[in-house]
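What follows is a single structure, written as structure tokens, with notes after it.
Whatever order the structure lists them in is the order used to number ligands and atoms, beginning at 1. Any value given below was found using the heavy atoms of this structure, including those in side chains, with hydrogens, waters and symmetry copies removed.
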Amino acid sequence: MPDATFGCPDLTTFCRLDELGLVVVGQRLEPDRAVLACRVLEADDGTEGWCRRCGCAGRPRDTVTRELAHEPLGRRPTTLLVTIRRYRCTGCGHVWRQDTSRAAEPWARLSRRGLAWALEAIVCQHLSIARVTQGLGVAWNTANDAVLAEGRRVLINDPGRLNGVKVIGVDEHVWRHTRRGDKYVTVIIDLTPVRAGTHPARLLDIIPGRSKAAFKA
Ligand SMILES: [Zn+2]
């Protein structure tokens, strides 16, 4: 039986930002995108305000903002504008900022949810990189670089990714049209859950190159 009760409406959980260690504190709805102002949840372990170099207390110094493309909601891009607090150590003067590693990779322009959405869109729903770019509201190269890097990080570096795999699909995509010819990537998809009727396909691997040569390797 599905639970018939409702929780309070909450933008943070609706956008799954609690999973990223963020809280929504404001919204700005523009015609072609939504911007969510966020702040960073303090680390549970209580280490945030303490200097890692000398152990003295830090004093809040100022804030910086970081813009992240999130998954699109309501068919328009969602941009996160994250305010990050910076501390200065009262002992040694060292300056550090709040940890945003749950929200995104260092220097990344996409949130972890944004990246996951992009990977699934390309591989499981066969959306073009142009559509993904539109969905995220970022430049083509930003989306392209982020998706290739994330593909490598979550798939190729995960030794357990082939556990339980019985049926695989191999699919070839033109990744980028260049003057010297097209560049291809081969994606390998776990179709085991599809055949069993339990879940959608799962992405296993993305390999630069065309299917035959890439798959052999
Ligand atoms: Zn210090």
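Within the model, atoms CD of Glu71 and SG of Cys15 stand 7.5 Å from one another, a figure rounded to the nearest 0.5 Å.
Angle subtended at the Zn ion (ligand 1) by Cys92 SG and Cys54 SG: 120°, rounded to 10 degrees.
Among the atoms of Cys51, an N, O or S atom falls under 2.8 Å from the Zn ion (ligand 1). Here Cys56 fails the criterion, with no N, O or S atom under 2.8 Å of the Zn ion (ligand 1).
Side chain of Thr133 to main chain of Ile129: a donor-acceptor pair is present (N/O by atom type, distance under 3.5 Å, no hydrogens or angles).
No more than 12 heavy atoms of other residues, nucleotides or ligands shown are found within 6.0 angstrom of CZ on Arg109.
A donor-acceptor contact under 3.5 angstrom links the side chains of Thr100 and Arg66, judged on distance only.
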